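Convention: sequence-line order gives letters A, B, ...; per-chain numbering from 1. Note that the coordinates shown come from a computational prediction; the quantities given were computed from them, not determined experimentally.
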Amino acid sequence: MSAMTVAVLVEHRDGQVAGPTLENLTLARSLGRPVAVWIGEEPADDAVASLGAHGAEEVRWVELGGTARLPKVRSAALAAATTDTRIVLLTSTFLNKELAALLALATGAGVVVDASGARIVDGRVETEQTVFAATWNVTTRIVAEDAIVALRPNTTQAVALDAPATAVLEKVAFEAPETPESLVHVDPVERGEGVPLSEARVVVSGGRGTNGDYTLVRDLAEVLGGAVGATRDATDEGWISHEHMVGQTGTTVTPALYVGCGISGAVHHRGGMQASGTIVAVNLDPDAPIFEIADLGIVGDLNDVLPQAIERLREHKGA
Amino acid sequence: MRILVTVKFTPDLQSQRSFTDGSVTRTADDGSMNELDENAVEAALQLVEAAGEGEVYALTVGGPDAVAAVRKALQLGAHHAIHVSDAEIAGADVFGTAKVLAAAIRKVHDEQPLDLVITGMAALDGLTSMLPTALAADLGWAQLTLASSLSVADGTATIVRHMPDAHETMSAPLPAVVSVTDEANTPRYPNFKLIMAARKAPVTQWSLADLGVDGASVGAIAARTEVVDASEVPPREGRQVVTDTGDGGVVLADFLIERGLA
Ligand SMILES: Cc1cc2nc3c(=O)[nH]c(=O)nc-3n(C[C@H](O)[C@H](O)[C@H](O)COP(=O)(O)OP(=O)(O)OC[C@H]3O[C@@H](n4cnc5c(N)ncnc54)[C@H](O)[C@@H]3O)c2cc1C
Ligand SMILES: Nc1ncnc2c1ncn2[C@@H]1O[C@H](COP(=O)(O)O)[C@@H](O)[C@H]1O
């Protein structure tokens, strides 16, 4: 089979390319000829360069302002940039699942979301996925000719090309469609320091057991270079903002390391973190369900265990 | 205010969920209405209560056991229940399921217009979150997804949705399809009277023929994806649980250092 064009929708914040996009470009290289699709203001040279270094031969830019927030406008932009591509890869977020569905409705493509990998078998895309709170592995074959796959962050290692390569920036002609939905108001969320929760290699989460004080959880996250997560109970209490919630209805995370502190491990929470590489839990209750899925469980008070662990890790880092 | 809520029959989250021949195993004793659809039913009931008039329809598409999902909606206070079941629906993907739901919704809407269709944000068995979009497209109605709050006034629905980078307020003219998150409300508990009434309440049963839908256009043959393999993830090996006897923090730190995670 000749190399098919594989489009990767670029996630970007403040002009910077997000990590999962580079992961998806790396995966795209194993499927065909990668092109990147950039929706928004014109990408800066360094963004184009980083996409090129990860395999994008072209960066197709669709210029869009605030209306890019409307799912139908955004999906029309993606469609305009992918008329010649058989495969479209996205990062699995709630917004992108909606885009995937809209694009599939327009093209007849088959869709898999929350995938952890994709390959070509007998001319069709096959994907890997874990479902049911990461208790089952499922292989799905996209029987339709066109495929759209939304991939979870941290499931492919981003690797730059050996040889330096440059991507060509091309502007795609696009006129935003009228939509029955309209955007009334946008209230930006203050972005925290560091990588977003969904993309972090390390996540340290605190639950009800923190009693509302996230100092130790934050300190541990800091020394491990990770992001801070929380349970629904903690965000409901207003101890920490909603963006930090890990779980089936919050953010799904698949970091190399997940540390759960004062978290019981309810099925809703587990559904969003059970596929993590290594899982460590600290909980007073030896019967907490989170211990059933932890590689290391410490039965103890987080107020004793965490300060000691933080001190030891700081020493290690300083050494 | 006339609102239809789509509710899905899903395996109980606490039960051992599994696959049989590429499909999610569903049986009556360990399944019920998708938990997130309780928020959809609640949103509909609250809007009708606020309007002081109106009706709530609960609709499910699924095998014989799926009737449990609409019975649950009746227990919560829905006024009418519809169960679409047909052997030819087996193996349908999200687009096929949407087509069947849309045909049933059109049938209700043609009799007397609906103002809204409300769905859950995701089915906790598959979590695709794509059905609301496919359904709105099939109906040709506006879609407002992932609403953490919803209001209706002057023929317009307005929602707020929490995206990672911003809280967005969006609106669309009625009739519209709205999907609600678990933040939208706190579902009520069914009271005894409603539970008893729901047991005897009639459930409208429709087949594909009743809806004028061709089975070949929605079932397994039409599906764009197919599960080719499913296997249970083996339990994590070498798990250890250590009780803190004064050095728990050191044990934790050393474990991370040994694994190269710190
Ligand atoms: C539809 C629906 C969707 C949901 N979605 C999500 C979701 O996406 N994410 C999510 O997280 N939840 C979700 N939930 C809520 C979920 O069911 C649980 O209620 C929640 O995860 C529990 O949070 P928790 O572990 O912090 O609290 P608890 O269950 O109260 O557990 C607190 C734990 O802390 C331990 N503890 C107390 N003090 C200490 C101490 N000093 N040191 C160490 N340990 C201590 C206790 O032993 C206990 O195990 C959802 C619920 C519903 C109904
Ligand atoms: N078979 C079905 N019958 C009725 N409603 C459904 C069905 N499948 C999905 N839904 C609705 O669509 C929502 C999102 O489901 P999904 O896109 O499958 O994650 C659910 O919360 C339900 O409201």
Please determine whether side-chain contact (heavy atoms from CB on, under 4.5 Å) holds for the pair B:Arg224 and A:Ile142, giving the CA-CA distance in whole Å, both sets of side-chain angles, and the decisive distance to 0.1 Å. CA-CA 6 Å; B:Arg224 303 177 190 182; A:Ile142 297 182; 5.6 Å; no

Derivation and outcome, salt bridge (Lys or Arg N to Asp or Glu O under 4.0 Å), residues A:Asp295 and B:Arg236:
CA-CA 7 Å; A:Asp295 297 286; B:Arg236 285 171 188 263; 2.9 Å; yes

Notebook entry, point to check: What's the verdict on side-chain contact (heavy atoms from CB on, under 4.5 Å) for B:Ile257 and A:Leu313, showing C-alpha distance, side-chain angles and the deciding distance?
Noted result: CA-CA 8 Å; B:Ile257 294 164; A:Leu313 291 166; 4.0 Å; yes

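When every heavy atom of B:Ala262 is checked against every heavy atom of A:His316, the shortest pair comes out as O-NE2, 3.7 Å. The shortest heavy-atom contact between A:Phe94 and B:Ser129 is CE2-OG, 3.6 Å. Annotation for B:Gly246 and A:Gln308: closest pair O-NE2, 2.8 Å, computed over non-hydrogen atoms. Of all heavy-atom pairs between B:Thr133 and A:Leu105, the closest is O-CD1, 4.0 Å. When every heavy atom of A:Ala104 is checked against every heavy atom of B:Phe95, the shortest pair comes out as CB-CZ, 3.5 Å.
Using a 4.5 Å heavy-atom threshold, the side chains of A:Val111 and B:Met130 count as touching. Inter-residue side-chain proximity for B:Val242 and A:Leu296 is flagged as met; some heavy-atom pair is nearer than 4.5 Å. Side chains of A:Arg69 and B:Glu168 form a contact here, defined as non-hydrogen atoms less than 4.5 Å apart. The side-chain heavy atoms of A:Val189 and B:His167, taken from C-beta on, include a pair separated by under 4.5 Å. Between B:Asp244 and A:Val299 the shortest side-chain heavy-atom distance does not fall below 4.5 Å. Between B:Glu183 and A:His242 there is a side-chain heavy-atom pair separated by less than 4.5 Å. At a threshold of 4.5 Å between non-hydrogen side-chain atoms, the residues B:Leu256 and A:Val280 count as touching.
Proximity to chain B involves both the backbone and the side chain of A:Val143, based on heavy atoms less than 4.5 angstrom apart. Proximity to chain A involves both the backbone and the side chain of B:Leu252, based on heavy atoms less than 4.5 angstrom apart. For A:Asn137, the parts sitting under 4.5 Å from any heavy atom of chain B are the backbone and the side chain alike. For chain B, the nearby parts of A:Ile279 are the backbone and the side chain; heavy atoms of each come within less than 4.5 Å. For B:Ala223, the part lying near chain A is the backbone, with the side chain staying farther off; criterion is any non-hydrogen pair under 4.5 Å. Of the atoms belonging to A:Pro71, it is side-chain heavy atoms, and not backbone ones, that fall under 4.5 Å from chain B. Interface residue B:Leu146: only side-chain heavy atoms are found under 4.5 Å from chain A. For a residue to count as touching a neighbouring chain, one of its non-hydrogen atoms must lie under 4.5 Å from one of that chain's; by this rule A:Ile298 touches chain B with backbone and side chain alike. Using a 4.5 Å cut-off between heavy atoms, A:Arg13 makes no contact with chain B at all. Of the two parts of B:Leu131, neither the backbone nor the side chain holds a non-hydrogen atom closer than 4.5 Å to a non-hydrogen atom of chain A.
More than 12 heavy-atom neighbours from other residues, nucleotides or ligands sit within 6.0 angstrom of CD on B:Glu226. Around the CD atom of A:Glu315, the shell of radius 6.0 Å holds more than 12 heavy atoms that belong to other residues, nucleotides or ligands.
Between the side chain of B:Arg239 and the backbone N or O of A:Gly297, no donor-acceptor pair lies under 3.5 Å.
Note on A:Glu311, A:Lys317, A:Lys72: by heavy-atom pairs under 4.5 Å with chain B, the leading option is A:Lys72. Contact tally against chain B (heavy-atom pairs below 4.5 Å) for A:Gly300, A:Pro180, A:Ala100: the top residue is A:Pro180. For the options B:Met121, B:Met163, B:Gln143, B:Arg259, heavy-atom pairs under 4.5 Å to chain A are most numerous at B:Gln143. Taking A:Leu220, A:Leu95, A:Thr278, A:Leu102 one by one and counting their heavy-atom pairs under 4.5 Å with chain B, the maximum is reached by A:Thr278. When each of B:Asp247, B:Thr158, B:Val94, B:Val251 is checked for heavy-atom pairs under 4.5 Å with chain A, B:Asp247 comes out on top. Considering only heavy-atom pairs separated by less than 4.5 Å from chain B, the leading option among A:Asp146, A:Val125, A:Leu183, A:Val186 is A:Leu183. Among A:Val184, A:Asp301, A:Thr179, A:Leu302, the residue making the largest number of heavy-atom pairs under 4.5 Å with chain B is A:Val184. If you tally non-hydrogen atom pairs under 4.5 Å between each of B:Gly248, B:Ala142, B:Ala253, B:Ser171 and chain A, the highest count goes to B:Ser171. Counting heavy-atom pairs closer than 4.5 Å to chain B, the top residue among A:Leu306, A:Val259, A:Ile293 is A:Ile293.
Side-chain contact check for A:Arg141 and B:Thr225: no donor-acceptor pair (N or O, by modelled atom type) lies under 3.5 Å. B:His162 and A:Glu243 share no donor-acceptor pair across their side chains, judged by distance under 3.5 Å alone.
For the pair B:Asp254 and A:Arg312, the salt-bridge criterion is met [side-chain N within less than 4.0 Å of a carboxylate O]. Taking the charged nitrogens against the carboxylate oxygens, B:Arg161 and A:Glu181 have no contact shorter than 4.0 Å, which rules out a salt bridge.
A distance of 9.5 Å separates CG in B:Asp229 from CD in A:Glu126, rounded to the nearest 0.5 Å.
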